[in-house]
Amino acid sequence: MRTTPIIEMEKRFDPKSYESHWQNEWAAKEYFVCAVPADLSAQGAQQPYCIMIPPPNITGKLHMGHALQSTLQDLLTRWRRMQGRNALWLPGTDHAGIATQLMVERDLAKAGQSRQDLGRERFLERVWAWKEQYQGNIRKQLDLLGASCDWTRERFTLDEGLSRAVREAFVRLYEEGRITRGEYLVNWSTGLDTAISDLEVEMRPAKDKLWKIAYPIADSKERVVVATTRPETLLGDTALAVHPDDERYRHLLGKQAVVPIAGRLIPFVADESVERGFGTGVVKVTPYHDMADFETGRRHGLPGIQVIDRKGLMTAAAGAEFAGLDVEAARELVLVKLRAAGLLVHEEDYLHNVGFCQRSGVRVQPLMSTQWFCDVSAMAAQALAAQQDGRLELVPASWGKTWEHWLQNIRPWCISRQLWWGHQIPAWYDEAGRCFVARSREEAAAQAGHDRLTQDGDVLDTWFSSALWPFSTLGWPEKTADLAYFYPTSVLITGFDILFFWVARMAMMGLHFTGQSPFARVHLTGLVRDAEGVKMSKTKGNVLDPVDLVEEYGADAVRFTLALLDSPGRDIPLDPERMAGYRAFGNKIWNATRFALSKVGDTQVPTSIGYARLALPERWILSRLSETAASVDAALEEFRFDIACRDLYHFFWSDFCDWYIEMAKSGLDPGGERLLVKEVLLLTLDRALRLLHPVMPFLTEELWQKLPGHEAIHPQTICLSAYPAPEAAWILSSAETEEMVRFRETVTIVRNERADRKLTHRDKAELYLQSAKSEVPHSEVDAIRFLTSESVQRLLSSMAGIRKVLVAEPPPGVANRHIRDGVSLSVRFDVVVEAVDPEKLRLELTKCEENIVKVRARLESAEFVAKAPEAVIAGARKNLETLELERARLRAVLEMDSQAG
RNA sequence: GGGCGCUUAGCUCAGCUGGUUAGAGCGCUACCUUCACACGGUAGAGGUCCCCGGUUCGAGUCCGGGAGCGCCUACCA
């Protein structure tokens with residue numbers, strides 16, 4: 001027999017000492033590389049499980065949101081992999097059109113250059129060089145977090161394969177008549193010099209002014225007053241609108257107004273969109289510079305006049321003295337002239353919502369422009385139906401209404417962008433201006449009958465390629481084995497902030513092109529905020545960097561914290577203090593393992609256990625282990641990562657460390673050995689580490705590899721070992737559960753008595769037991785027999801400092817008498833003890849009496865007794881009994897102490 | 001204007017289909033350097049569950065109304 005072996009483990013764990021080692025090892029051994037099974041019909045063929053990473057921007061750095069989502073994706077992937085699924089987590093990056101182009105342009109600007117100086121071709125070379133430089137960053141950061149991606153399948157949205165998918169999708173949608181090219185009023189960003197989609201417009205309150213301007217009526221002395229926030233656009237007015245039922249203005253219908261300054265005559269139109277109560281009830285209509293007016297103009301067949309150009313400058317159509325002025329200057333000049341003409345009636349401060357370009361921050365300028373549009377109405381109906389009939393489940397389900405509302409009110413998607421970095425639109429024009437949409441230049445030439453073609457200079461909205469991500473990454477439009485096997489994917493995890501940008505569009509495209517929802521379930525996470533709940537932003541300086549956090553707390557603590565804080569439908573306030581707490585949890589796991597290894601000698605991790613030979617403490621921890629395995633599984637099935645982590649934490653720290661290891665100690669002592677304690681210790685530790693592995697992969701691998709005989713569980717790695725399943729046979733019987741409760745209560749009573757007297761664990765005590773009633777039912781005999789048994793006495797000795805358990809009347813002077821299930825327990829300390837603080841006792845007594853009143857009142861209510869279920873009534877009765885006994889004890893202690901004092 | 005969510009201990013949050021004296025982490029207090037762990041142990045203090053009303057034997061939990069906060073959405077110029 002070996003005595004205490006030397007365990008070469010530090011007292012404090014140090015994540016840095018092993019995290020990168022294991023990440024390298026896992027990558028080198030290709031544990032996470034997935035393959036389609038050769039024979040899908042074979043018995044025991046693995047079921048696929050697939051998650052597509054929401055591709056981070058290629059030039060980007062991972063932020064806390066990525067860290068959160070990656071943690072959850074990895075957690076699910078590792079869990080399913082251990083459950084035996086062929087689990088693929090496919091990584092990749094997004095070319096992020098505008099974001100990336102802006103970064104490179106900013107870099108160019110430092111050298112005093114613009115992209116136009118370089119020209120399209122050389123500029124794109126520059127961007128590709130950037131891409132090469134940054135590509136590896138994302139992987140490095142995911143590796144740091146412990147991500148178990150299959151990097152052999154890494155994809156990039158501008159890869160040849162994905163680009164082919166983009167062209168294919170575009171051409172098919174064009175052929176179906178869903179994609180069209182035309183001139184419409186679009187959201188124009190003068191900051192980016194491109195059109196943007198509705199989603200990229202951010203509505204923000206802006207402090208403006210509301211001006212009231214008088215328009216003379218033609219052939220009349222009358223004037224009509226109009227309210228506007230944009231007087232400069234009156235140069236492009238083509239009508240004035242009033243509500244059809246507005247008595248004040250009915251007589252004007254059919255007449256004409258004179259546009260101030262411009263002098264043009266414009267008609268009055270009656271339109272129901274006009275709010276009679278706002279302003280004067282008369283609206284100027286500028287179809288080419290206002291979204292609402294565009295619609296009004298269409299309804300009434302009004303022409304439009306473009307007075308502002310794509311740079312935000314006034315056009316010649318605005319008049320010679322305005323042409324070339326920017327909007328602000330033009331406004332001032334218009335106001336000066338109106339004042340001079342006596343037509344400016346009123347001016348007031350005005351707060352209203354205005355559209356800003358999300359990316360560049362400038363005010364969006366509605367502008368007439370020729371763009372490509374995708375009519376998504378039919379696809380939206382599909383996406384809506386999929387959600388409603390359950391093919392696509394949103395978690396939390398509360399997002400359903402938002403989903404419905406957006407899809408029901410969807411408008412055409414402007415998909416062209418006046419940028420260079422991205423998928424160039426697969427449309428070619430000949431000298432005659434004819435347009436040929438085709439999969440390649442050759443195909444377009446074949447259509448045209450000649451090769452004198454120029455490709456459309458615009459690129460597609462980045463989200464167009466992202467929308468194809470779940471299947472373009474698997475080889476679509478080819479009918480690949482990957483696509484057949486892994487598609488549709490199992491789960492999507494992403495932030496609610498891109499529900500429309502990305503999730504809805506993937507659903508639409510996926511359903512349209514493959515006939516299947518691209519994912520069965522979508523888990524939408526909240527936003528990661530700072531400790532005070534404030535949104536992280538560079539300007540506020542409260543941004544936490546996942547890389548820094550991993551450096552400080554270790555990846556496992558970061559992961560555990562993020563997963564634990566992910567409660568459904570809630571944002572995540574991230575306090576680094578909290579991470580320190582879960583780093584301590586890592587240390588706890590480390591030291592529990594260290595303890596076990598120092599005690600088990602040559603014992604190997606058992607693969608099965610002789611359950612019938614086990615004593616109560618061993619049975620109890622196996623029962624808790626089994627319950628935990630069940631609850632963690634159930635929680636993960638529902639994406640309740642918070643519950644899963646809490647249960648694991650509680651099981652490991654409270655059940656395993658605080659109770660089981662303490663109980664195991666006496667069972668390991670020479671002379672008092674219980675059967676199979678070492679085996680159970682190792683078995684529990686092995687399974688606990690495996691249960692924890694999906695959320696804390698590094699620590700668990702490091703420790704699991706140290707367990708003697710772990711190779712029998714899996715020859716190589718915990719990553720591929722089986723996830724522990726609940727064992728129904730290990731659940732304690734109710735009689736055994738009662739015994740365990742009794743034992744724990746007894747320990748707590750003794751500890752309380754000791755603490756009340758400010759004694760230390762060195763002050764030993766005797767425990768006196770008696771039946772509390774004159775007649776002694778069986779259960780109490782059992783209870784006393786249990787508490788006086790040798791094994792329990794040994795446990796009470798090591799855990800509660802009880803020297804001896806006696807069945808006898810406590811000696812005089814011992815007033816404390818706790819009654820539990822008909823057994824009275826009194827603790828007598830060896831040392832002369834101080835009286836318990838009477839103030840505290842009186843407080844307890846008061847509380848106790850209040851409760852007695854409450855419970856008694858309930859039991860005396862006839863209705864309660866008549867209508868409440870049996871169990872609840874019995875519970876209340878028992879409760880009352882316990883409270884009354886407690887009251888008696890407190891009174892006795894108080895009385896005795898007062899006599900003594 | 002429409003929709004959604006939140007309001008529970010000093011802080012950040014759990015509380016499933018209503019059922020004993022409402023929980024966790026951190027923080028706080030007291031005692032303990034006990035041979036796995038001071039990133040520890042034991043014990044403890046701390047809450048009119050936002051307000052009002054209703055249903056019920058019983059409401060943090062269900063229903064109605066209100067207040068405050070947050071987010072999404074929207075053609076009152």
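Chain letters run A, B, ... following the sequence lines, proteins first and then strands; every chain starts at 1.
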Under 4.0 angstrom, heavy atoms only, what part of the nucleic acid is [X] near: base, sugar-phosphate, or nothing?
| X | value |
| --- | --- |
| A:Arg298 | nothing |
| A:Cys657 | base |
| A:Ala876 | nothing |
| A:Ala580 | nothing |
| A:Glu404 | nothing |
| A:Leu883 | base |
| A:Arg646 | sugar-phosphate |

For the pair made of [atom1] in [X] and [atom2] in [N], what is the distance, rounded to whole Å?
| X | N | atom1 | atom2 | answer |
| --- | --- | --- | --- | --- |
| A:Arg570 | B:C69 | CZ | C1' | 12 Å |
| A:Leu845 | B:U21 | CG | C1' | 15 Å |
| A:Glu849 | B:U21 | CD | C1' | 15 Å |
| A:Leu524 | B:C4 | CG | P | 17 Å |
| A:Asp556 | B:C39 | CG | C1' | 15 Å |
| A:Arg230 | B:C75 | CZ | P | 16 Å |
| A:His405 | B:C71 | NE2 | P | 18 Å |
| A:Asp647 | B:C16 | CG | P | 15 Å |

* To do: Mind telling me whether A:Tyr350 and A:His352 have parallel, tilted or perpendicular rings, with 30° and 60° as the class edges?
  =>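 If you compare the ring of A:His352 with that of A:Tyr350, the planes turn out tilted.
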
* **Residue met sooner reading RNA chain B from 5', once A:His352 and A:Asn879 are mapped to nucleotides** =>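 The residue closer to the strand's 5' end, by nearest nucleotide, is A:Asn879.
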
* **RNA chain B: 5'-proximal contact among A:Val274 and A:Gly875 (nearest heavy atom)** =>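 The residue mapped nearer the 5' terminus is A:Gly875.
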
Any [X] side-chain nitrogen or oxygen under 4.0 Å from OP1 or OP2 of [N]:
| X | N | answer |
| --- | --- | --- |
| A:Lys588 | B:G41 | yes |
| A:Arg529 | B:C71 | no |
| A:Lys665 | B:A36 | yes |
| A:Arg858 | B:U21 | yes |
| A:Ser567 | B:A14 | yes |
| A:Trp653 | B:G41 | yes |
| A:Arg583 | B:C39 | no |
| A:Tyr350 | B:A77 | yes |
| A:Lys401 | B:C4 | yes |

If we call it a pair only when both distances are under 3.5 Å in a Watson-Crick or G-U wobble match, what pairs with [N]?
| N | result |
| --- | --- |
| B:A74 | none |
| B:U29 | B:A43 |
| B:U48 | none |
| B:U7 | B:A67 |

Between [options], which one does the side chain of [X] approach most closely?
| X | options | result |
| --- | --- | --- |
| A:Ser398 | B:G5, B:C32, B:C75 | B:G5 |
| A:Pro869 | B:A36, B:G19, B:C26 | B:G19 |
| A:Thr760 | B:C57, B:A36, B:C31 | B:C31 |
| A:Leu199 | B:U73, B:A74, B:C76 | B:U73 |
| A:Arg578 | B:U12, B:A30, B:U33 | B:U12 |
| A:Asn587 | B:G40, B:C57, B:C37 | B:C37 |
| A:His761 | B:U34, B:C75, B:A36 | B:U34 |

Whole-Å [atom1] distance, [N] and [M]:
| N | M | atom1 | answer |
| --- | --- | --- | --- |
| B:U42 | B:U48 | C1' | 32 Å |
| B:U61 | B:A38 | P | 44 Å |
| B:A9 | B:A45 | C1' | 11 Å |
| B:G68 | B:U21 | P | 35 Å |
| B:C69 | B:U29 | C1' | 34 Å |
| B:A74 | B:G65 | C1' | 27 Å |
| B:U17 | B:G60 | C1' | 16 Å |
| B:G10 | B:C28 | C1' | 8 Å |

On a heavy-atom basis, which atom in [X] and which in [Y] lie closest, and how many Å separate them?
| X | Y | value |
| --- | --- | --- |
| A:Glu10 | A:Trp590 | O-NE1, 2.8 Å |
| A:Ala800 | A:Val750 | O-CG1, 3.4 Å |
| A:Thr525 | A:Phe496 | O-CD2, 3.2 Å |
| A:Phe356 | A:Val364 | C-CG2, 3.6 Å |

Protein-nucleic acid N or O pairs under 3.5 Å, nucleotides 59-64 of chain B:
none

* Asked: More than 12 foreign heavy atoms under 6.0 Å from OH of A:Tyr184: is that the case here?
  ->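 No, OH of A:Tyr184 has 12 or fewer neighbouring heavy atoms, counting only those of other groups under 6.0 Å.
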
* Crowded around A:Arg411 CZ? As in, over 12 foreign heavy atoms under 6.0 Å? ->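 For A:Arg411, atom CZ is not crowded (no more than 12 foreign heavy atoms under 6.0 Å).
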
* To do: Without swapping roles, check the side chain of A:Thr296 against the backbone of A:Ala292 for a donor-acceptor pair under 3.5 Å.
  =>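 The answer is yes, because a donor-acceptor pair under 3.5 Å joins these two groups.
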
* Is a side-chain donor or acceptor of A:Asp271 paired with a backbone partner of A:His243 at a separation under 3.5 angstrom? ->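 No, because the side chain of A:Asp271 does not come within donor-acceptor range (under 3.5 Å) of the backbone of A:His243.
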
* Asked: How long is the gap from CD1 on A:Ile498 to CG on A:Leu199, to the nearest 0.5 Å?
  ->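 Atom-to-atom, A:Ile498:CD1 and A:Leu199:CG are 11.5 Å apart.
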
* A:Arg363 with A:Asp208: basic N within carboxylate O range, under 4.0 Å ->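 A salt bridge is present here (some side-chain N lies under 4.0 Å from a carboxylate O).
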
* Asked: Cation-pi between A:Lys665 and A:Phe595: NZ/CZ under 6.0 Å from ring centre and within 45° of the ring axis?
  ->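 That pair qualifies as a cation-pi contact.
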
* Non-hydrogen side-chain atoms of A:Thr238 and A:Pro287 separated by less than 4.5 Å ->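 They are in contact (side-chain heavy atoms under 4.5 Å apart), so the answer is yes.
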
* Asked: Are any non-hydrogen side-chain atoms of A:Trp659 and A:Ile621 less than 4.5 angstrom apart?
  ->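 No - every pair of side-chain heavy atoms lies 4.5 Å or more apart.
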
* **Sequence-aligned protein contact record of nucleotides 42-48 of chain B, with B where the base is within under 4.0 Å of a protein heavy atom and S where only the sugar-phosphate is** => SSS----

